[in-house]
Protein chains: 2
Amino acid sequence: MNDEQRLHFKHDPEACKASVNAVRDTLYVLSGKWKLPLIVSLTNGPMRFKDIQRALGEITPKILSKELRELELNEFVKRTVFPTTPVTITYELTPYSQSLDKVIVELRNWGLEHRKHIRESMRKRSEEE
Amino acid sequence: MNDEQRLHFKHDPEACKASVNAVRDTLYVLSGKWKLPLIVSLTNGPMRFKDIQRALGEITPKILSKELRELELNEFVKRTVFPTTPVTITYELTPYSQSLDKVIVELRNWGLEHRKHIRESMRKRSEEE
DNA sequence: GATACTACTATCCTAAAGGATACCGGTATC
DNA sequence: GATACCGGTATCCTTTAGGATAGTAGTATC
């Protein structure tokens, strides 16, 4: 193991703790079963509550409502009330939500590579027998 | 919102599902309270069970054992038994664990930026009052 | 022979996430 | 006036993650 490549955990315990906390923050805002699918279904434009529910398939209104509120708090989603009769309410991604793109791309790429890696090791292990 | 910048979720529903799953895989292997701190404490070299426990402070042996087993399954950690009397067992990061570095750096950077962002919005909101 | 250390496992318990189901007020439609 | 749709909330229940506590087999130390 080459220490030079582990810059972000280089032996300063303070910086190291700060790094761990920052990572945890990020994992937290993406955590849970529905945050990602929710962000994904909103990438095509604003949607109404029931439409999101239908798009996600299995989510109950309680959970959906909670997740949307959390995404709103983190400024990833904007809730808009239109004064039609009856009122229409839409949810849409904010420009700030785009800041997640790089992170998500990295997470996706690593996930894809990891699947390959696991398949490879399983193949090797079965050949050894 | 500019569609061009959302390449990874572009409207193909198949590719989109695959992306979400890949992201979920990655989040999964990093999930939990102890995976990150565990990886961090192993960056300085191999450690024995009790030493890891002492380094992390609060972790119980049951949890530590479980987390180590999971990290081993994902090939981030190698467990080695030395035939001393009594046996000595060490855990160390594998070369493959370095593949996580890029992901972790991105997660850390976004987390740091997000803190700034939140502080900024709170400042603005309090100024408006 | 009592105590202590290592590397764990086993059992029980708690808290949090998530889900099932029911309901609500408002409006529109038949 | 009955039914249906929208945007949720309220209540209860299950599952899971994580922790507390105790114990185990083997060895070494006093």
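Below, chains carry the letters A, B, ... as their sequence lines are ordered, and counting in each starts from 1.
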Donor-acceptor pairs under 3.5 Å, side chain of residues 26-39 of chain B to any protein atom, not counting sequence neighbours: which ones?
unit_1	atom_1	unit_2	atom_2	d
B:Thr26	OG1	A:Leu107	O	2.6
B:Thr26	OG1	A:Gly111	N	3.1
B:Thr26	OG1	B:Ala22	O	3.2
B:Ser31	OG	B:Tyr28	O	2.8
B:Lys35	NZ	B:Ser31	O	3.1
B:Lys35	NZ	B:Glu70	OE1	3.0

Suppose we screen for salt bridge (charged side-chain N to carboxylate O under 4.0 Å, His left out). Which residues come up paired with A:Glu128, at least two apart in sequence or across chains?
none
Atom-to-atom span, NZ of B:Lys50 to C1' of C:dT9 - whole angstrom
13 Å
Selection residues 78-89 of chain A - residue pairs positive for side chain to side chain donor-acceptor pair (under 3.5 Å), sequence neighbours left out:
A:Arg79-A:Tyr91, A:Thr84-A:Thr88
Could you check how far CZ of A:Phe49 sits from P of C:dC24, rounded to whole Å?
18 Å
Round to the nearest Å and state the distance from A:Asp51 atom CG to D:dC6 atom P.
7 Å
Strictly under 4.0 angstrom, non-hydrogen atoms only: write out the protein contact profile of nucleotides 13-30 of chain D, one letter per nucleotide from the 5' end, B, S or -.
-----SBB------SS--
Please give, in whole Å, the distance from C:dT6 C1' to B:Leu68 CG?
14 Å
On the nucleotide D:dG7, are OP1 or OP2 found under 4.0 Å from the side-chain N or O atoms that A:Arg54 carries?
no
Between atom CD in A:Gln53 and atom P in D:dT9, what is the gap in whole Å?
12 Å
Could you walk me through whether B:Val87 and B:Phe82 satisfy the side chain to side chain contact (heavy atoms under 4.5 Å, CB included) test, starting with their C-alpha distance in whole Å, then the side-chain angles of each, then the deciding distance to 0.1 Å, before giving a yes or no?
CA-CA 6 Å; B:Val87 287; B:Phe82 294 98; over 6 Å; no
Output yes when at least one side-chain N/O atom of B:Ser65 is less than 4.0 Å from OP1 or OP2 of C:dT9, else no.
yes
Would you say a side-chain N or O of A:Arg48 is under 4.0 Å from OP1 or OP2 of D:dC6?
no
Atom CG of A:Leu64 and atom P of C:dA17 are separated, to the nearest Å, by 17 Å
Within the pair B:Arg69 and C:dT9, is there a side-chain N or O less than 4.0 Å away from OP1 or OP2?
yes
Side chain to side chain contact (heavy atoms under 4.5 Å, CB included) with A:Pro61: which residues, sequence neighbours excluded?
A:Phe49, A:Gln53
Linking directly or through intermediates, with side-chain heavy atoms under 4.5 Å: list the remaining ILVMFWY members grouped with A:Ile118, chain and number order.
A:Met122
